[in-house]
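Scroll down for the structure; my scribbles are underneath it.
Below, chain A is the first sequence line, B the second, and so on; all start at residue 1.
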Amino acid sequence: MSYVAKSPWIIHYDGSSCNGCDIEVLACLTPMYDVERFGIVNTGNPKHADVFLITGAVNERNKGVIKQIYDQMPEPKVVVAVGICACSGGIWEECYNILGGTDKVIPVDCYVPGCAARPEAIIDGVVAGLGVLAEKRARMEKGLDPEGKDEAAPEAAVGAPEGTEASEAEKEA
Amino acid sequence: MSEEKKYLIQNFEPITPDKLLERVRNLKDEGYRFVQLCGINKKDHYQLLYAFDLDHVMLLLRMDITPDEEVESITKEYWPAFIYENEVHDLFGIKFLHNALDYGGNFFTTSEPTPWAIK
Amino acid sequence: MSKRTIIPFGPQHPVLPEPVHLDLVIEDEKVVEAIPSIGFIHRGLEKLVEKKEYTEMVYVIERICGICSFGHGWGCVGAIEGAMGIEVPQRADYLRTIWHELSRVHSHLLWLGLLADGFGFESLFNHCWRVREAVLDIFEETTGGRVIFSVCTVGGVRKDIDNATLRAISQKLEEIKKETQKLTGVFINDTSVKNRLCGVGYLSKEDATELCTVGPMARASGIVQDIRLTGNGVYDEIGFEPCVETAGDCWARCKVRIDEIYASINMIQTAIDKIPDTEIAVPVKGNFSGEFALRMEQPRGEAFYYAKGFDEPTKFMERMRVRTPTNMNIPAMVKTLQGCDLADVPMNILTIDPCISCTER
């Protein structure tokens, strides 16, 4: 995608992450990677946000928190799962308190693998997410449901960054 | 500068539940700092491991308890121990008496109750 | 008496990226009581000892926390090596110390940035993180990872750093030091920053002792307590001295961490000058047995590791316990929050340098 009409704001929630991906998400915003030059701003308020970044796997306690933040975000919205824990549970999959990846609770549009996910990969993931966001907005302008719930065959998650096909395939397997 | 390798000193001391409070009180008077408390599942009983520190040398109290035994809380001497006692309660199901700050099982919300307990 | 209100803080809060929840009981603008509740990140990873062999467990423990991951890895292998009686080659010990101290530099710079963000000084936050990227580049060059390295293994380290690279690191650190000096001057001397930090969150030496605080929090209240004094690693050979302040407020905690950045840089440079040419790992075979309790000085304070094998040695451990520094500092945080202004709550929480994913594991 060549340009974004509106500056997308992101909200970040730390599921049960080890902080590794969290600090990489923050690193994206700081001078070295500096996504703010694209107008991407980190906000603390779900009601201002377009993109929801989740790091870490989902557990019993934060399930409700993630659901609530997601529900508070206005349509159209995109969810990006950052790091392998948010994608599938990662090495914590076998732990007694882990339910699995973010998609156990809310629909996820983009998966960014890695332990920890590198800033380049996170930026790629968010940019891919913006593509999904534009599609959802277009659908809303036509008066359709942004998530495609009113269509017979819901569209599959699109636009994962390059090099993630393998892990995507793994997930579906 | 430390000339000796203090970290190699491993002081493990067995203790019984009835002596625990008295020993902890003595340690407090001697100026020991509370380091941690953890539970160990020994298949037929539990073991509690209390760690204390004085001048960078650690002392560990090892206490064996039966599965349904209730343990006296040490929060009266060391208030920060409430974190560990709530944790051990939620994960192992061991009950602590007279805990100064009892979360009543709501410290850790786990998908299954007392995941570490003897099954 | 004015009316009491309860203000919930977290788990999703702009000032703190990590989920901790506090119920702040407020009277006018003063906090009367703070009730912490945690458990948002509890994964139950200590239970993985039943499924992972002791050599694999190192990489699980390393992922407790992405900020002090190297220290966790070292603590875990240290406990295992202690229990099995493995002697690590000198060069491995030096390399571990170098990586651990580099982690401290990166962790403290990260924390300084978050603190600046906490009191609304956004450009200072960005500058701290810019300098920090130089440290991450060193990690990437030497281990391949930016935040999680998986370079520590039972018996030594998995990667060597050749001497030319080490000398280049020493040079780079000199530049990092110069850059950091420009920033830390603002934290220590700037009037508006001092207004936010000085006298806020005061913790006396008596209270700090009573509440069993650890790490920079204890050292800022005048307690000389640093696990690096216990002789683990090569700290006795590279001129380690603990950094202690006496003021006990947020500013003192900030000062301790700033001093530690410089102390760590100096120690790394000394270690690079002294590093011996030996093997970097000894082969480890066989089953795990014995028990060992070890403590490490993490950037946030004392961490406790306990490894215990079964009576019949197997590939698995019976128990691997990790107690992390934030666990021990939460009582002190609750104490400093009592009686503080609502506007100072973020400062009080940030200056213990909370690491919630460490706390809950």
Side-chain angles (χ1 to χ4, degrees), chain A residues 11-34 36 42-46 48 52-66 68-69 72 83-85 89-99 114-120, chain C residues 10-21 37-48 50-52 56 59-60 62-69 72 106-107 110 113-114 117 123 125-134 136-137 140 145-148 150 355-358 360-361:
Chain A
I11 184 167
H12 166 225
Y13 181 73
D14 171 352
S16 56
S17 142
C18 70
N19 283 346
C21 297
D22 302 333
I23 57 177
E24 295 294 60
V25 166
L26 276 182
C28 293
L29 299 157
T30 52
M32 180 79 173
Y33 295 97
D34 195 16
E36 285 195 14
N42 188 14
T43 169
N45 188 342
H48 297 167
F52 187 11
L53 292 184
I54 302 185
T55 52
V58 176
N59 70 17
E60 197 62 35
R61 182 97 185 241
N62 66 29
K63 190 167 73 176
V65 181
I66 292 174
Q68 199 176 15
I69 296 175
Q72 283 181 9
I84 195 67
C85 306
I91 58 165
W92 315 121
E93 214 184 349
E94 294 173 292
C95 288
Y96 57 83
N97 210 29
I98 294 293
L99 298 174
C115 180
R118 297 178 56 86
E120 292 92 338
Chain C
Q12 193 267 334
H13 192 275
V15 80
L16 197 69
E18 287 189 277
V20 64
H21 178 83
S37 65
I38 60 171
F40 292 95
I41 325 192
H42 182 63
R43 292 159 284 196
L45 65 90
E46 284 171 11
K47 190 102 172 147
L48 279 181
E50 291 166 6
K51 290 168 185 153
K52 305 267 183 215
E56 298 170 333
Y59 309 113
V60 174
E62 200 170 21
R63 280 161 177 79
I64 287 180
C65 172
I67 306 175
C68 34
S69 67
H72 282 307
H106 122 76
S107 171
L110 175 145
L114 289 181
D117 192 40
S123 55
F125 158 68
N126 277 312
H127 276 296
C128 290
W129 281 58
R130 176 179 56 81
V131 177
R132 176 180 158 269
E133 287 287 338
L136 295 191
D137 286 345
E140 197 169 353
R146 276 166 56 90
V147 288
I148 290 181
S150 301
C355 181
I356 307 302
S357 51
C358 278
E360 301 171 11
R361 301 171 309 281

Considering all heavy atoms, the nearest A:W92-C:L45 contact: CZ3-CB, 3.4 Å
Please confirm whether the backbone N or O of A:Y96 pairs with a side-chain atom of C:K47, one donor and one acceptor, at under 3.5 Å? no
Would you mind checking which part of A:A57 comes under 4.5 Å of any heavy atom in chain C, side chain (CB onward), backbone (N, CA, C, O), both or neither? neither
Go through A:I91, A:L29, A:I23 and name the one with the most non-hydrogen pairs under 4.5 angstrom from chain C. A:I23
Does any non-hydrogen side-chain atom of A:E120 lie less than 4.5 Å from one of A:Y33? yes
Residue part contacting chain A, namely of C:E140, when any heavy atom lies under 4.5 Å: side chain
Heavy-atom distances under 4.5 Å only: say whether C:H106 touches chain A with side chain, backbone, both or neither. side chain
Counterpart residues, salt bridge (charged side-chain N to carboxylate O under 4.0 Å, His left out), relative to A:E24 (two or more places apart): C:R146
Under a 4.5 Å heavy-atom cutoff, which of C:R130, C:H127, C:R63 has the most pairs with chain A? C:R63
Heavy-atom pair count under 4.5 Å with chain C, highest-scoring of A:T30, A:N62, A:I98: A:T30
Report the C-alpha separation of A:H12 and A:N42 in whole Å, then their side-chain angles, then the decisive distance to 0.1 Å, and conclude whether the side-chain hydrogen bond (donor to acceptor under 3.5 Å, both in side chains) test is met. CA-CA 8 Å; A:H12 166 225; A:N42 188 14; 5.6 Å; no
Do the non-hydrogen side-chain atoms of A:Y13 and A:L53 ever get within less than 4.5 Å of each other? no
Looking at chain C, which one of A:A116, A:C21, A:A27 has the largest number of heavy-atom pairs inside 4.5 Å, strictly under? A:A27
Most heavy-atom pairs under 4.5 Å with chain C, out of A:G56, A:C95, A:G20, A:G90, belong to A:C95
Given heavy-atom pairs under 4.5 angstrom as the criterion, report whether the side chain, backbone, both or neither of C:I64 touches chain A. backbone
If every non-hydrogen atom of A:I66 is compared with every non-hydrogen atom of A:F52, which pair is closest and at what distance? O-CE2, 3.9 Å
